[in-house]
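Remember, it's 1-based here, ligands and their atoms both numbered in the order they're listed.
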Amino acid sequence: MELEIKHSTAEYLMSLEDEFGAHNYHPIPVVLSKGKGVYVWDVNGKRYYDFLSAYSAVNQGHCHPRIINALTKQAQNLTLTSRAFYNDQLGLFEKRVCELFGFDKVLPMNSGAEAVETSLKLCRKWAYKTKGIPQNEAKIIFAKNNFHGRTLSIISASTDPTATENYGPYMPGFILVDYNNLDAMKTALNEPNVAGVIIEPIQGEAGIVVPDPGYLKAVRDMCADRNILFIADEVQTGLARTGKLLAICGNCTCENKCENNYEIKPDVLILGKALSGGIMPVSAVLANNDIMLVIEPGTHGSTYGGNPLACAVSVEALNVIEDEDLAGNAKRLGIIFRNKMQELVDQSELVVKVRGKGLLNAIVINDSEEGEIAWNICVKLKENGLLAKPTHGNIIRFAPPLVMTEEQILDCCKIISETVLDFEASM
Ligand code: PLP
């Protein structure tokens with residue numbers, strides 16, 4: 001034990017992960033031991049702005065005191081019952097989520113991927129029991145370059161070889177279309193036995209790809225015309241990240257408080273990540289009774305899904321989003337951020353584009369070295385006190401906690417601009 005403490009340097013801790021952990025990630029070389037609000041600290045006490053927010057799970061900021069309070073209070077009473085029994089937190093969570101997002105029912109799960117899986121199962125079951133598609137013939141449409149998680153069925157619809165190679169055989173019943181291409185979507189929707197379309201309102205892992213205005217509404221309308229379920233995966237874009245409670249904001253109770261992005265309501269809504277404020281895995285699938293009630297007792301579930309600890313944490317995580325108007329803050333700061341990054345695009349040969357909504361943004365690097373430049377810029381950003389990570393090689397995603405202040409975002413824009421320009425000068 002003493003030996004371990006003596007060697008508890010960043011290098012030692014990284015070497016442990018390297019030696020004993022599976023090599024399924026390639027982290028930026030920094031070892032974090034503390035987080036508060038928009039900041040994280042490494043084991044040597046160096047402070048950084050967190051511009052990843054654990055892939056948008058920490059929208060409420062690290063260790064938000066209200067959510068931690070809810071966690072510790074509930075942890076002393078009851079943490080897990082399984083769904084074999086009722087618990088005194090689940091119903092309260094379900095009511096809160098359903099009322100906030102304007103749906104009849106919610107099905108709680110844990111990870112985002114599990115919620116996506118749940119939505120696919122729900123869609124298939126609805127197809128057979130309600131729509132009348134012949135058994136085993138149901139098809140679900142996905143967009144190319146999607147990211148919905150890592151399970152076998154989800155990667156079966158992935159177009160990213162890194163996610164799929166050597167993991168076959170793949171799940172049948174999926175159709176792939178170009179994102180943001182209405183003709184391609186229409187052709188696919190007209191195929192026989194289509195049960196649903198699953199879509200990210202902004203493609204996150206693909207590099208913050210924002211569709212043209214009107215695209216999602218047109219897809220939604222085409223689905224409604226054909227009795228096909230429109231499933232919105234808001235695991236990354238949801239919960240105030242893009243400047244709205246939902247990127248695809250529709251008929252929910254936030255309607256009067258926030259201006260809707262797309263004026264659309266999906267048939268099925270998938271939430272995850274920030275549903276717990278980065279405290280623990282909590283995800284959810286929402287739908288109205290005509291869809292959700294096709295699932296009967298015993299036909300789907302999860303031991304931890306809907307556990308009282310997760311429910312108490314999640315209710316407080318949602319309260320924080322509303323009480324602190326994180327959507328409004330993300331919208332306001334997002335405009336400042338993109339304006340500053342546009343100035344960088346104008347000054348730099350290396351940064352060719354900035355795009356995004358709210359505080360889900362990315363810069364595109366003119367990277368002739370297949371992602372190496374973007375990676376090296378992120379390493380320099382780290383040295384300068386800001387943590388970000390490339391997604392898809394030459395794209396750097398910037399997604400800080402939504403509790404950021406204007407002064408902080410301006411400071412961050414300065415760090416990013418100076419780092420990129422210094423890097424460019426040294427090339
Ligand atoms: N769906 C989307 C849109 C995501 O961005 C992600 C994760 O990044 C997932 C699903 C999967 O979530 P999890 O990693 O919690 O399984």
Side-chain angles (χ1 to χ4, degrees), residues 22 24-27 50-59 107-123 140-160 162-164 167 174 176 179-180 196-211 216 230-242 244 246-248 261-262 266 268-286 302 304-305 310 313-314 317 356-362 388-392 395 397-399:
N24 57 332
Y25 278 91
H26 179 34
D50 178 1
F51 257 63
L52 187 63
S53 303
Y55 299 102
S56 294
V58 192
N59 289 0
L107 197 161
M109 296 296 281
N110 311 285
S111 68
E114 280 176 300
V116 171
E117 285 279 341
T118 300
S119 77
L120 301 177
K121 288 174 76 176
L122 178 63
C123 181
I140 299 176
I141 300 172
F142 286 70
K144 289 180 190 166
N145 300 323
N146 68 69
F147 187 88
H148 298 286
R150 298 294 196 169
T151 63
L152 267 177
S153 64
I154 294 171
I155 63 142
S156 298
S158 171
T159 50
D160 178 0
T162 323
T164 58
Y167 287 129
F174 299 152
L176 280 158
Y179 191 64
N180 198 26
V197 173
I198 180 166
I199 207 144
E200 297 161 85
I202 293 173
Q203 287 192 321
E205 297 308 300
I208 320 300
V209 180
V210 184
L216 293 165
F230 181 83
I231 305 169
D233 180 349
E234 293 248 16
V235 168
Q236 183 159 170
T237 52
L239 304 170
R241 172 55 56 191
T242 66
K244 304 285 163 70
L246 298 175
I248 203 160
N261 260 0
Y262 298 111
V268 179
L269 171 67
I270 310 168
L271 298 173
K273 296 190 191 258
L275 197 50
S276 74
I279 307 286
M280 60 198 300
V282 183
S283 62
V285 177
L286 292 107
S302 148
Y304 273 85
V313 162
S314 185
K357 255 184 199 255
L359 283 176
L360 185 62
N361 296 293
K389 208 176 170 212
T391 177
H392 268 79
I395 298 162
R397 171 181 21 206
F398 290 120

Give every pair formed by an N or O atom of ligand 1 and a protein N or O atom closer than 3.5 Å, one pair per line with both atom names and the distance to 0.1 Å, or write none.
{"unit_1": "ligand 1", "atom_1": "1 (N)", "unit_2": "D233", "atom_2": "OD1", "d": "3.3"}
{"unit_1": "ligand 1", "atom_1": "1 (N)", "unit_2": "D233", "atom_2": "OD2", "d": "2.7"}
{"unit_1": "ligand 1", "atom_1": "5 (O)", "unit_2": "Q236", "atom_2": "NE2", "d": "2.8"}
{"unit_1": "ligand 1", "atom_1": "8 (O)", "unit_2": "K273", "atom_2": "NZ", "d": "2.7"}
{"unit_1": "ligand 1", "atom_1": "15 (O)", "unit_2": "G112", "atom_2": "N", "d": "2.9"}
{"unit_1": "ligand 1", "atom_1": "16 (O)", "unit_2": "G112", "atom_2": "N", "d": "3.4"}
{"unit_1": "ligand 1", "atom_1": "16 (O)", "unit_2": "A113", "atom_2": "N", "d": "2.8"}

- Task: State whether a side-chain donor-acceptor pair under 3.5 Å links D160 with S158.
- Result: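 Result is no, nothing qualifies.
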- Message: Between F142 and L120, is the side chain to side chain contact (heavy atoms under 4.5 Å, CB included) condition met? List the steps.
- Response: CA-CA 11 Å; F142 286 70; L120 301 177; 3.8 Å; yes
- Does F398 have any ring pair (Phe, Tyr, Trp, His ring centres under 6.0 Å) partners at least two apart in sequence or in another chain, and if so, which?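 So F398 forms a ring pair (Phe, Tyr, Trp, His ring centres under 6.0 Å) with F51, F337.
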- Query: Which atoms form the tightest heavy-atom contact between S119 and V268, and what is the distance?
  - Reply: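 S119 and V268 have their closest heavy atoms at CB-CG1, 4.1 Å.
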- Item | Other residues, nucleotides, ligands: >12 heavy atoms within 6.0 Å of Y179 OH |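 Counting other residues, nucleotides and ligands, OH of Y179 exceeds 12 neighbours.
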- Among S153, S283, S111, find the residue that satisfies the side-chain hydrogen bond (donor to acceptor under 3.5 Å, both in side chains) test when tested with E117.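 Exactly one candidate clears the test, S153.
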